[in-house]
Amino acid sequence: MSLYPFARSVVAGILKPTYRIKVEGLENFPRDGGVFLCTNHISNYDPPVVGITAPRKVFFMAKAELFKVPILKDLLMNFGTFPVNRGGSDREALRTGLKILKEGNVLGFFPEGTRSKDGELGKGLPGAGFFALRSNAAVVPCAIIGPYKPFKTLRVVYGKPINMDEYREKKITTEEMSGIIMEEIGKLLKK
């Protein structure tokens, strides 16, 4: 039996009232099929916040160092998280991410690669463009609008899927596609 539904409800019971989480744009989230969910990254709490607000289970990549802690490794694996070696091209992580999308699941991704130190949206890494262009998944931008302060409102805004047909036909680069995804996240941050 998966711990995911139980853990999700426990985490939601703690985080939703603490940060007064307000979710917008759930109607934009595809109910089925692969979804490549791209969001800004401002806190360590971002993955659980996305996990409790998205209408479907979200699989995340996490830095490989976290999987070296035995108990944490087991928890992460149970929640559908898989390791990625940062700082280069991790072919195994890329294959795993594409498999998740091909199987019709949701892959959560932070295109900046790390948390923003000043809350400003950073540059997207090519990995975001890779998954967007190499899969047939819907690419959904998301913005977490903070700050994470107890009893202050935290907004999670899901945008409309990006129309990928034109970009796949143009044969743009992964870097260009990452830039387009970041622009869409930036528009949501201004809402």
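No experiment lies behind these values; they were computed from the predicted model shown.
Tracing side-chain contacts under 4.5 Å through hydrophobic residues (I, L, V, M, F, W, Y), one reaches F36 starting from Y167; they form part of the same cluster. F79 and F67 fall into different hydrophobic clusters, defined by Ile, Leu, Val, Met, Phe, Trp and Tyr side-chain heavy atoms under 4.5 Å apart, directly or through other members. When the side chains of ILVMFWY residues are joined at heavy-atom separations under 4.5 Å, either directly or via intervening members, L26 and L15 end up in a single hydrophobic cluster. Residues M77 and F59 are members of separate hydrophobic clusters, defined by side-chain heavy-atom contacts under 4.5 angstrom among Ile, Leu, Val, Met, Phe, Trp and Tyr.
Taken from CD1 in I145 to CG in L188, the straight-line distance is 7.5 Å, to the nearest 0.5 Å. Within the model, atoms CD1 of I42 and CG of N40 stand 6.0 Å from one another, a figure rounded to the nearest 0.5 Å. Rounded to the nearest 0.5 angstrom, S43 OG and I144 CD1 are separated by 8.0 Å. One distance of note links CG of L37 with CZ of R56; it measures 10.5 Å at 0.5 Å rounding. The distance from atom CD1 of I52 to atom CD1 of I14, rounded to the nearest 0.5 Å, is 9.5 Å. Between I181 atom CD1 and L125 atom CG the span is 11.5 Å, to the nearest 0.5 Å.
For the side chain to side chain donor-acceptor pair (under 3.5 Å) test, residues two or more places apart in sequence or in another chain that qualify with Y148 are D46. For K68, there are no salt bridge (charged side-chain N to carboxylate O under 4.0 Å, His left out) partners at least two apart in sequence or on another chain. Residues satisfying the side chain to side chain donor-acceptor pair (under 3.5 Å) test with R115, not counting sequence neighbours, are N44. Scanning for side chain to side chain donor-acceptor pair (under 3.5 Å) contacts around D32 gives an empty result, with sequence neighbours left out. Evaluation of the salt bridge (charged side-chain N to carboxylate O under 4.0 Å, His left out) rule for K187 yields E184 as partners, not counting sequence neighbours. Applying the salt bridge (charged side-chain N to carboxylate O under 4.0 Å, His left out) test to E27 and every residue at least two apart in sequence or in another chain returns nothing. Residues passing the salt bridge (charged side-chain N to carboxylate O under 4.0 Å, His left out) test with E176, sequence neighbours excluded: none.
Side-chain atoms of S178 come within 3.5 Å of backbone N or O of T174 as a donor-acceptor pair. Side chain of D90 to backbone of N85: a donor-acceptor contact under 3.5 angstrom is found.
A side chain to side chain donor-acceptor pair (under 3.5 Å) check over residues 8-22, counting only residues at least two apart or in different chains, returns nothing. Judged as a side chain to side chain donor-acceptor pair (under 3.5 Å), the pairs with a partner in residues 116-127 (not counting sequence neighbours) are, in order, S116-D118.
Heavy-atom minimum distance, P17 versus A12: CD-O, 3.6 Å. Annotation for A93 and V84: closest pair CB-CG2, 3.7 Å, computed over non-hydrogen atoms. The minimum heavy-atom distance linking Y4 with G51 is given by the pair OH-O, 3.9 Å.
By the neighbour-count criterion of 12 heavy atoms within 6.0 Å, atom CZ of R31 is densely surrounded, having more than that number from other residues, nucleotides or ligands.
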Return a table of donor-acceptor pairs under 3.5 angstrom between the side chains of residues 149-160 and protein atoms on other chains or two or more places apart.
unit_1, atom_1, unit_2, atom_2, d
R155, NE, E24, OE2, 2.7
R155, NH1, K191, O, 3.1
R155, NH2, E24, OE1, 3.2
R155, NH2, E24, OE2, 3.3
R155, NH2, K191, O, 3.3
Y158, OH, T53, OG1, 2.7
Y158, OH, A54, N, 3.2

Distance-only check: which donor-acceptor pairs under 3.5 Å involve side-chain atoms of residues 127-143, not counting sequence neighbours?
unit_1, atom_1, unit_2, atom_2, d
S135, OG, F131, O, 2.7
S135, OG, A137, N, 3.3

All N/O donor-acceptor pairs, side-chain side in residues 94-112, below 3.5 Å, sequence neighbours left out:
unit_1, atom_1, unit_2, atom_2, d
R95, NH2, E92, OE1, 3.2
T96, OG1, E92, O, 2.9
K99, NZ, E103, OE2, 3.2
E112, OE1, H41, N, 3.0
E112, OE2, G122, N, 2.6

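Residues T81 and L75 have side chains not in contact (no heavy-atom distance under 4.5 Å, counting atoms from C-beta outward). F60 has its side chain out of reach of L76: every pair of non-hydrogen atoms, C-beta onward, lies at least 4.5 Å apart.
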